[in-house]
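Following: one structure in structure tokens, then a few remarks.
Note that the numbering runs from 1 along the sequence shown for the chain. None of these values were measured; they are calculated from a predicted model. Hydrogens, waters and symmetry mates are skipped; everything else that's a heavy atom, side chains included, is used.
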Amino acid sequence: QDNEKLEIRKLNDPPSAETVRDMIKYARNVIEEFRRAKHYKYILCLTLILLACELLEICELSLDKMGAVFEDSNVYMLHMMYQAMGVCLYVQDWEGALRYGQKIIRPYSKHYPSYSLNVASMWLKLGRLYVALENRPAGVKALKRAIAIMEVAHGKDHPYISEIKKELEDH
């Protein structure tokens with residue numbers, strides 16, 4: 001699966017090996033920069049909001065730059081989309097978070113095992129976002145997909161699964 005995880009765009013003029021190496025170096029540096037920036041969480045709330053906006057801008061600029069070479073299913077692209085989704089959730093931009101989550105779920109389902117909790121977690125987030133944005137049918141479908149995975153991973157009687165099923169009943 002490593003080739004799939006590091007997939008390069010199919011272009012008329014494929015990027016050189018040096019271009020790909022440079023983009024990987026860039027992606028790693030931007031991820032490290034992002035991690036360092038996240039450590040400033042303890043700063044005042046307003047500063048956090050400004051930082052979040054800056055982090056989202058870093059994510060979006062990086063996705064644009066990397067997207068010229070990498071497919072959306074590339075692990076560097078997925079990492080940056082996941083970070084962007086997290087920032088959107090933090091600033092309560094539900095539509096933005098949903099857009100990123102929708103882009104992430106298919107490659108996650110491809111890269112991770114069938115009953116991966118990473119995939120279940122993404123379906124859970126998507127389900128809750130759909131419900132919050134008043135798209136109940138899509139929300140129910142996503143939450144049921146999360147439950148199906150979690151029942152295998154945790155067992156059908158796990159309290160967390162009961163909690164999500166109650167969420168479904170309440171909506």
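Within a 6.0 Å radius of CD in E163, other residues, nucleotides and ligands contribute more than 12 heavy atoms. Heavy atoms from other residues, nucleotides or ligands lying under 6.0 Å from CG of D64 number more than 12. Within a 6.0 Å sphere centred on CD of E32, other residues, nucleotides and ligands contribute more than 12 heavy atoms.
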Run the numbers on M66 and N74 for side-chain contact (heavy atoms from CB on, under 4.5 Å), then give the verdict.
CA-CA 10 Å; M66 290 188 298; N74 181 291; over 6 Å; no
Steps toward side-chain contact (heavy atoms from CB on, under 4.5 Å) verdict (M122, N118)
CA-CA 6 Å; M122 187 55 63; N118 290 319; over 6 Å; no
Residues R128, W94; criterion side-chain contact (heavy atoms from CB on, under 4.5 Å); working and verdict
CA-CA 10 Å; R128 288 175 172 162; W94 310 135; over 6 Å; no
Please lay out, stage by stage, how E4 and E71 fare under the test side-chain contact (heavy atoms from CB on, under 4.5 Å).
CA-CA 9 Å; E4 288 178 8; E71 288 291 343; over 6 Å; no
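Listed for the R9 side chain is a donor-acceptor partner under 3.5 Å among the backbone atoms of G67. H158 contributes no side-chain N or O that, together with a main-chain N or O of A153, makes up a donor-acceptor pair within less than 3.5 Å.
Using a 4.5 Å heavy-atom cutoff, the side chains of F34 and V30 are not in contact. Inter-residue side-chain proximity for L6 and Y76 is flagged as met; some heavy-atom pair is nearer than 4.5 Å. Considering only heavy atoms from C-beta on, Y130 stays 4.5 Å or farther from P137 through its side chain.
Looking at every heavy atom in both residues, L168 comes nearest to K144 through CD1-CG, 4.2 Å. Considering all non-hydrogen atoms of both residues, K65 and M23 come closest at O-CE, 3.9 Å. Between C88 and G96, the shortest heavy-atom contact is SG-C, 3.8 Å. The two residues D72 and M77 have their closest heavy-atom pair at OD1-CE, 3.5 Å. Heavy-atom minimum distance, S109 versus W123: OG-NE1, 4.3 Å. Shortest non-hydrogen contact noted between A120 and I149 is CB-CG2, 3.6 Å.
Neither L56 nor L61 shares a network with the other; the hydrophobic side chains, linked directly or stepwise wherever heavy atoms of I, L, V, M, F, W or Y lie under 4.5 Å apart, form separate groups for each. The cluster map of Ile, Leu, Val, Met, Phe, Trp and Tyr, joined by side-chain heavy atoms under 4.5 Å apart, puts L133 and L126 in the same cluster.
Note: Q83 CD to L78 CG = 11.5 Å, rounded to the nearest 0.5 Å. Atom OH of Y82 and atom NZ of K125 lie 3.0 Å apart (nearest 0.5 Å). Atom-to-atom distance recorded for I105:CD1 and M81:CE is 12.0 Å, nearest 0.5 angstrom. Put simply, CG on L129 and CE on M85 are 5.5 Å apart, with the number rounded to the nearest 0.5 Å. To the nearest 0.5 Å, atom CZ of residue R21 and atom OG of residue S16 are 7.5 Å apart. The distance from the CD atom of E60 to the OH atom of Y100 is 4.0 Å, given to the nearest 0.5 Å.
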